Amino acid sequence: MTPNALEESSPNPLPLLGNPAKDWMLSPPNGSAQVAEAEKAAPSLFGEVWHGCWRRDSWTSAALLRLTLIFVFAILCSWLGIVLSRQSEGVATIWLSNGLMFGLIITQPKRRWLAYFLAALAADTFADMIYGDPFRTAIGVSLANSVEVVTSCLLLTLWFDSPLDLSKRRSLVGFLLISVLGAAAIASALGAWWTVLMVGGSPWWQMFRTWYLGDMLGMALLAPIVIMVQRPAFFSMFERRHLLHTLLVLSASVVVTALVFTDSRDPLFFFMFPVFLLVAFDLGMPGTVVNILLVTLMAIGFTVKGYGPLMLISGEHMLLHRIVIAQLFAAVAIFTMFPVAALLEEKEGLKNSLAASEERFRNLAHVDELTGLPNRRAFNLQFEHAWSEAFASNKPLGLVILDADHFKQYNDDIGHPAGDACLRAIAKVLAGTVDAVEGFAARIGGEEFAVILPDTTQLRAREVAENIRRSVVDLALPHSSSVCGVQTVSVGVAIRVPLSGQPSIDMMRLADQALYAAKRAGRNQVTFS
């Protein structure tokens, strides 16, 4: 932050911002194992940041172009912060550059961090010097800003998952405590001390308070939105199917904010929190970040222009006091709604995970573990459905049941692992067959399989059954107990149009009778019933 933002402040300064997140206190990694892990990670992190920067493969043409553009953008943000401070009696209501640079750096490969740190330092220094600050003043203030960004990047990377995920409560609370409260306070203290040393003017604690609130808001608002914008999921709420709903929800918040902060007669702040909750529940963490940013800009903008409930703070030269209250309002909104939104996202993620697990286990309950085909339970459900459909449409239903010939001897001769491989091979034949004829294949017993053929004919059913029988023979699985010398199957086929009141089990009996007829006739053949 620039010393231009530190002109004379109110004679009745407010106390410093406390710790609204004290109930969410988050300690460094607990336990010796986590501490050891953090200590072990430190050298590799610092080594990657320092040594990686000098490797040629760290800097492609695209990476260099991005670094240049960000350097220019950082100058503009620093310049804008100074402009905002001049329009509000020297108070930097929101200091943009630190949160912006942190959000951009933390999402980059660590081998490029050092160059980004230096670019941010140079951009801040250059912007200050444009406004007439001498180099020694500008570089000291810029170094203080760099401390905030560097400390945030290193500590959050050491203590939390990388990349930083602010939709998780643990990472979010860590960010709020380490970056928003801690690093911003250190940077503000150093910057205020350097300015008093170089320039003089207001007491150190008044400068610190003025800087701290602006730095804190800038980090809390800019960093999350910069991090989230770089993830494709952020833009899902702006997709065509969601866009109207998103705009309506955000518009409700904007309208309420405008009504509250254009009424200078009544303190109507409490109307804000229902719409905050609406946004958090409907749009999640990304929508909450966007909403709080819009509300903060509107609240401070109206206050600076002389509108809103903060005009009830009477007296001359009270603009700084009003701005500080507006900043505190935004800080309370951040420390209240960000954790709420993160908690809601975690619950939604848990619900989706449980739903996916339930679906997966439901599918497993209907799948034969050995062959991957549907099991007997799935077959029974599908067969009842096919039977009902055939009765309703008065169309014939085909059922093919097959059994691996002399399979007990096959297992005894070659072993159970080979027997399992034989069953899997037969299942593969069935799966390929039903894919071609729109049927349904299942393993319904030890070495017994079935195929359901909806809306079929006797000729088509015979073709399917013969194709299965020949394909199993073509597998050429050696079987010493078979007259063919290879594993074969016997196949029974039944075709019926269901009659009123007729149970589906009747068709199962017919197909079974055909199967045993094929076995009695010498196996490795197809029989109809």
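Please read these numbers as outputs of a predicted model, since none were measured by experiment. Reckoned from all heavy atoms, side chains included, excluding hydrogens, waters and symmetry mates.
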Practice task
Using a 4.5 Å cut-off on heavy atoms from C-beta on, say whether the side chain of Val147 contacts that of Leu190.
Solution key: yes
Problem - Smallest separation among heavy atoms of Ala144 and Ala187, with atom names - result: O-CB, 3.2 Å
Exercise for the section: Look up atom CD1 in Ile139 and atom CE in Met129, then write down how far apart they are to the nearest 0.5 Å. Expected result: 9.0 Å
Practice task
List in chain and number order the residues that pass side chain to side chain donor-acceptor pair (under 3.5 Å) with Glu346, two or more places apart in sequence or in another chain; answer none if no residue qualifies.
Solution key: Arg169
Handout entry: Heavy-atom check, side chain of Thr195 versus side chain of Trp204, under 4.5 Å
Key = no
Exercise for the section: Taking atom CD of Glu369 as the centre, report whether more than 12 heavy atoms of other residues, nucleotides or ligands fall under 6.0 Å from it. Expected result: no
Handout entry: Qualifying residues under ring pair (Phe, Tyr, Trp, His ring centres under 6.0 Å), relative to Phe276, sequence neighbours excluded
Key = Phe273
Practice task
Could you pull out all residues at least two apart from Arg56 that satisfy salt bridge (Lys or Arg N to Asp or Glu O under 4.0 Å)?
Solution key: none
Practice task
Check whether any side-chain heavy atom of Leu222 lies under 4.5 Å from a side-chain heavy atom of Phe102, and answer yes or no.
Solution key: no
Fill in the blank from the handout: Across all chains, not counting sequence neighbours, the ring pair (Phe, Tyr, Trp, His ring centres under 6.0 Å) partners of Trp59 are none
Handout entry: pair Ser179-Leu156: side-chain heavy atoms closer than 4.5 Å
Key = yes
Completion exercise
Residues passing the ring pair (Phe, Tyr, Trp, His ring centres under 6.0 Å) test with Trp193, sequence neighbours excluded, are none
Completion exercise
side chain to side chain donor-acceptor pair (under 3.5 Å) filter on Ser61, not counting sequence neighbours, yields none
Handout entry: Donor-acceptor under 3.5 Å (Ser97 side chain, Ser78 main chain)
Key = no
Practice task
Would you please name every residue forming a side-chain contact (heavy atoms from CB on, under 4.5 Å) with Glu359, sequence neighbours left out?
Solution key: Arg362, Asn363
Problem - Heavy atoms of other groups near Phe361 CZ, more than 12 under 6.0 Å - result: no
Exercise for the section: Please indicate whether Tyr307 has more than 12 foreign heavy atoms, meaning atoms of other residues, nucleotides or ligands, lying under 6.0 Å from its OH. Expected result: no
Handout entry: Pairwise distance CG(Leu221) to CG(Leu96) - rounded to 0.5 angstrom
Key = 9.5 Å
Handout entry: Contacts of Thr371 that satisfy side chain to side chain donor-acceptor pair (under 3.5 Å) - sequence neighbours left out
Key = Asp368
Practice task
Working to the nearest 0.5 Å, report the span between CG of Asp165 and OG of Ser171.
Solution key: 6.0 Å
Exercise for the section: Mark yes or no for whether Asn375, through its side chain, and Ala365, through its backbone, hold a donor-acceptor pair below 3.5 Å. Expected result: yes
Practice task
Using atom types as modelled and distance alone, determine if a side-chain donor or acceptor of Trp50 lies under 3.5 Å from a backbone N or O of Leu114.
Solution key: no
Problem - Which atom of Pro224 lies closest to which atom of Phe338, heavy atoms considered - result: CG-CE2, 4.0 Å
Exercise for the section: Search all heavy atoms of Met298 against all heavy atoms of Val254 and return the closest pair with its distance. Expected result: CE-O, 3.5 Å
Handout entry: Gln230 side chain reached by Leu104 side chain, heavy atoms, under 4.5 Å
Key = yes
Would you mind writing out the side-chain donor-acceptor pairs for residues 281-294 within the sub-3.5 Å range, not counting sequence neighbours?
from   : atom 1 : to     : atom 2 : distance (Å)
Asp282 : OD2    : His245 : NE2    : 3.0
Thr288 : OG1    : Gly284 : O      : 2.8
Asn291 : OD1    : Ser253 : OG     : 2.4

Handout entry: Ala183 backbone acceptor or donor facing Thr151 side chain under 3.5 Å
Key = no
Exercise for the section: Could you check if a side-chain atom of Trp95 sits within less than 4.5 angstrom of a side-chain atom of Leu217, using non-hydrogen atoms only? Expected result: no
Handout entry: Student check: side-chain heavy atoms of Ile70 and Met101 closer than 4.5 Å
Key = yes
Practice task
Quick one: closest heavy-atom pair of Val229 and Phe235, and the distance?
Solution key: O-CE1, 3.1 Å
Practice task
Find out whether Asp266 and Leu312 are in side-chain contact, i.e. whether some heavy atom of one side chain is under 4.5 Å from a heavy atom of the other.
Solution key: no
Exercise for the section: Please confirm whether Phe269 and Phe329 have ring centers closer than 6.0 angstrom. Expected result: yes
Handout entry: Evaluation steps, side chain to side chain contact (heavy atoms under 4.5 Å, CB included), between Arg111 and Val49
Key = CA-CA 5 Å; Arg111 63 183 185 274; Val49 171; over 6 Å; no
Problem - ring pair (Phe, Tyr, Trp, His ring centres under 6.0 Å): pairs with one or both residues in residues 103-125, sequence neighbours excluded - result: none
Problem - Phe379: ring pair (Phe, Tyr, Trp, His ring centres under 6.0 Å) partners, not counting sequence neighbours - result: Phe383
Exercise for the section: Check the angle between the aromatic planes of Phe208 and Tyr212 and answer parallel, tilted or perpendicular using the 30° and 60° thresholds. Expected result: parallel
Practice task
For Arg322 and Ile313, indicate whether the former's side chain and the latter's backbone hold a donor-acceptor pair under 3.5 Å.
Solution key: yes
Handout entry: Residue pair Val275 / Ala252: nearest heavy atoms and the distance that separates them
Key = CG1-O, 4.3 Å
Problem - All side chain to side chain donor-acceptor pair (under 3.5 Å) counterparts of Asp263, not counting sequence neighbours - result: none
Problem - Shortest non-hydrogen contact between Ala431 and Leu373, atoms and distance - result: CB-CD2, 4.3 Å
